[in-house]
There are 2 protein chains.
Amino acid sequence: MSWSIGFDDISDLARGAAVLGTGGGGDPYIGALLARQAITEHGPVTAVPLDELDDDALVITVGMLGAPTVMVEKLPTLESIIAPVRAMDAHLGRPATHVACAEIGGVNSTIPIAAAAALGLPLLDADGMGRAFPELQMVLPTLSGISASPLAFADEKGNVGVVQTIDNSWTERIVRVSAVEMGCSVMICGFAMSGAQARESLVRDSLQRSLHLGAGIAQARLDKTDPVTRAVDILAGRELFAGKVVDVERATTTGFARGTATLTGADGARLTLRFQNEHLIASSGGDEVLATTPDLIIVLEHDTGEPVTTEGLRYGQRVRVIAAPSDPRWHSAAGLAMVGPGYFGYDVPARRFDGQIFDGQISEVSA
Amino acid sequence: MSWSIGFDDISDLARGAAVLGTGGGGDPYIGALLARQAITEHGPVTAVPLDELDDDALVITVGMLGAPTVMVEKLPTLESIIAPVRAMDAHLGRPATHVACAEIGGVNSTIPIAAAAALGLPLLDADGMGRAFPELQMVLPTLSGISASPLAFADEKGNVGVVQTIDNSWTERIVRVSAVEMGCSVMICGFAMSGAQARESLVRDSLQRSLHLGAGIAQARLDKTDPVTRAVDILAGRELFAGKVVDVERATTTGFARGTATLTGADGARLTLRFQNEHLIASSGGDEVLATTPDLIIVLEHDTGEPVTTEGLRYGQRVRVIAAPSDPRWHSAAGLAMVGPGYFGYDVPARRFDGQIFDGQISEVSA
C-alpha cells in the first residue's frame with residue numbers, strides 16, 4: 001500500500017539511510033535539510049511499493065554523484081536536483097512517472113524525496129543497491145542488463161549534460177571526470193526503466209526499512225536500551241568492534257573520498273577500515289579480514305547509535321563497527337565481480353558479514 | 001557562387017589548411033584520407049559562400065577535439081564523425097541545413113568535408129577562426145556571443161554526450177575532460193547558429209583560401225620557384241627564420257600536445273617555438289619575442305614548403321618559420337584577452353607577425 005513521507009519522517013529516514021549508506025552518501029543532516037525544504041514547499045511525497053507499480057511506468061533514478069567530502073561545503077539547490085530530470089524528460093521525449101533511489105545511503109535517499117516533492121511525482125519504496133556503493137554502475141539494474149544511459153547530469157551553476165554510452169561503466173567514467181571538473185559533485189538522473197524492470201531489478205521496501213531502522217535507533221535511546229544492539233538486530237548483523245578512532249588517513253582523489261581509519265579497543269585490540277566513499281574492508285590488527293564489500297560495514301557512535309560517515313570520522317571518536325548482510329543478489333558471481341574487494345584493488349577474498357568466505361555461487365536468488 | 005569540392009581538390013586543400021593550422025589540427029595526410037574516403041562513397045561536396053546563405057539557415061560546426069598526437073594512432077571513422085551531428089539533430093529537434101568548420105587547420109578542415117559528404121549537406125566556405133587554436137571556445141562566434149552549446153561529442157566506441165553550458169569556456173572544460181577519458185580525442189558538433197549569425201561571425205572564403213595556398217605551394221615546386229616564398233606572398237606574411245630543428249620537448253598533458261622546439265640557423269642564430277597544439281610564441285636566441293598568437297606562426301619544410309605539424313617536428317629537420325596576420329577581429333581587446341599570450345600563461349605582450357606590439361585597440365573592424 002502507498003504511504004506518505006511527511007516532514008516528520010525525514011529525520012528517522014535519513015538516519016536509517018545513513019546507516020545503510022555504510023559511511024558513504026554524505027552527511028544525513030544535509031540530506032534531511034534538502035528533503036524537509038522540498039516537503040515544506042511542495043507537500044508530502046507518496047511512496048509506492050514495487051508491487052503496486054504498473055508495468056509501463058517510466059521510472060528514473062535521481063541522486064548525487066561525487067565526493068561527499070565536497071558536498072558539505074557545496075550544498076545542492078532544489079533547482080540543480082531537478083535540472084537533470086528536466087534534461088532526461090526532454091531527451092526521452094516523455095516525462096517520467098516515478099522517481100527512485102539509485103542507492104539507499106545518506107543524501108542519495110533524501111535527494112530523491114526532494115526531487116519527487118518538487119516534481120509532484122510518486123517515489124518508489126525501493127532502491128538500486130540496498131546500501132551505497134561509490135560508483136554509478138554498481139547497482140542491481142546493471143546486473144539485470146538495464147542501461148544507466150541516457151543519463152543526465154547538472155551542476156549548481158547551470159551546466160547540464162546528457163550521455164548515451166555503450167555500457168554503464170562508460171557512463172561512470174565520463175560523468176565522473178565531468179563531475180570532478182564541475183566542482184567534484186553533480187546531480188544525476190538516469191537508469192530509465194519500465195515498471196516491470198523496476199520490480200525485477202530494484203531492492204524493495206528500502207525507504208520503509210530506513211525509517212524502521214532510524215526510528216528504532218531513536219526509540220532505543222528513549223527506552224534507555226542500547227541503540228547499536230537495536231540496529232544490529234534490525235539488520236540481522238553482528239557487532240565487529242568497539243573502540244576509539246586513533247588515526248584517519250583521507251584524500252579526495254579522482255572524485256572520491258578514499259582513506260583508512262584505525263581504531264583501538266579497550267583491550268588494545270585494533271581494527272582497520274578501508275574506504276572509498278563507503279567502507280569496503282574491515283580487518284583486525286593481525287590483518288585478519290573480518291568482513292568486506294558487498295556486505296555492509298557500518299560505523300555508529302558508541303552510545304547514541306548515530307551513523308558516522310567516512311568524512312565524519314574524527315580522532316578520539318568512540319564508535320562501534322557492525323557488519324550486516326547485503327542483498328543476496330550481490331553474492332552472485334557477477335555481483336562479486338562488480339563490487340567485491342577485487343574490483344577496488346584489494347587482493348583478499350570477499351567475506352560475508354559473519355566472516356564466512358563467499359564462494360560466488362551462494363545465491364543466485366532474487367530478493 | 002557555390003563551387004564543388006571534389007576528390008582531386010583534397011590534397012591542395014588539406015595542405016593549405018595545414019599551413020593555416022599553424023602546427024595544430026593534426027596530420028593533413030590523415031585528414032585528406034578521411035575526406036577522400038567520404039567523397040568516394042558519397043560524391044563531391046558543395047561549398048557555399050557566406051553571401052549566399054539564407055538568414056534562417058541552421059549552421060553547425062563539426063570537427064575533432066583532442067590531442068593531435070593521439071589522432072595519428074586512433075583514426076576517426078566516418079560513423080564517429082557523424083554521430084555527434086545525429087545527436088545534435090535530435091537535441092535541436094530539427095536537422096542542420098549547413099556544415100561549417102570551427103577552425104581552418106589540419107583535420108578540422110577536412111573532417112567537415114567528410115561530414116558534409118556523408119550527411120549530403122552543403123559546407124560553408126568559411127570557418128570560425130581563420131587559423132587553428134587549441135581550445136573549443138577560441139572562435140570568433142564566441143566573441144559575437146554565440147553559444148557553443150548544445151554541443152555533442154562522440155568517440156569511436158559508440159559513446160555520445162550532449163552538454164548545455166552557461167558559457168563556452170564551460171563547454172571546453174567539460175568536453176575536454178570527457179575527451180581525455182574517452183581516449184584523448186572525440187568528434188564534436190556544436191555552435192548551432194542561423195545563417196545571419198554565420199555571416200556576421202565566421203571568417204569568409206577559408207576553403208578557397210586553403211585551396212589557393214595549397215595549390216600555390218605545389219605549383220611553385222613544379223615551377224622550380226621557392227614554395228615558402230610563394231606561401232609568404234599569399235599570406236601577406238614574413239619569413240622569420242630558416243634552420244634546423246635541434247631540440248623538441250613534447251608532452252601530451254590534460255589533453256593537449258604541449259612543448260618547445262629549438263631551431264638553429266646556418267649562422268648560429270636560434271629560434272624557439274612554444275606550442276600547445278598550435279604554435280603560440282616565436283622568440284629569438286636572445287629571448288626577443290618575434291611574433292605571438294593570435295597572429296600565425298607557421299613551420300614549413302625548407303625546400304618543399306610542406307607544412308610541419310607540432311607533432312611532426314623532428315630532430316635534424318630543415319625548416320623555415322613564417323609569420324602572418326590573423327583575422328583582424330582577433331586584434332581587438334576581447335580577441336587578445338581570449339587568445340593572446342597571456343591566456344596561455346606567457347607574460348609577454350602580444351606581437352603582430354611583423355613584430356609590432358598589439359595595442360588591443362588596433363581594429364574592431366569586421367572581416
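Just so we're clear, the structure is a prediction, and the values are computed from it rather than from any experiment. In the text below, chain A, chain B and the rest are named by the order of the sequence lines, each starting its count at 1.
The stretch residues 161-169 of chain A places A/G161, A/V162, A/V163, A/Q164, A/T165, A/I166 near chain B, each with some heavy atom under 4.5 Å from a heavy atom of that chain.
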Between side-chain atoms of residues 55-66 of chain A and protein atoms elsewhere (two or more places apart, or another chain), which donor-acceptor pairs fall under 3.5 Å?
unit_1	atom_1	unit_2	atom_2	d
A/D55	OD1	A/R199	NH2	2.3
A/T61	OG1	A/G190	O	3.3

Just list the side-chain donor-acceptor pairs under 3.5 Å for residues 134-141 of chain A, sequence neighbours left out, or say none.
unit_1	atom_1	unit_2	atom_2	d
A/E135	OE1	A/Q137	NE2	2.9
A/E135	OE1	A/Y343	OH	2.6
A/Q137	NE2	A/Y343	OH	3.3

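By the side-chain hydrogen bond (donor to acceptor under 3.5 Å, both in side chains) test, B/S80 is found to be paired with B/T77, residues two or more places apart in sequence or in another chain being considered.
Heavy atoms only, all atoms of each residue included: B/W170 and A/M182 are closest at CZ3-CA, 3.9 Å.
Around atom CD of B/E79, no more than 12 heavy atoms belonging to other residues, nucleotides or ligands sit under 6.0 Å away.
With a 4.5 Å cut-off on side-chain heavy atoms, B/N159 and A/I174 count as touching.
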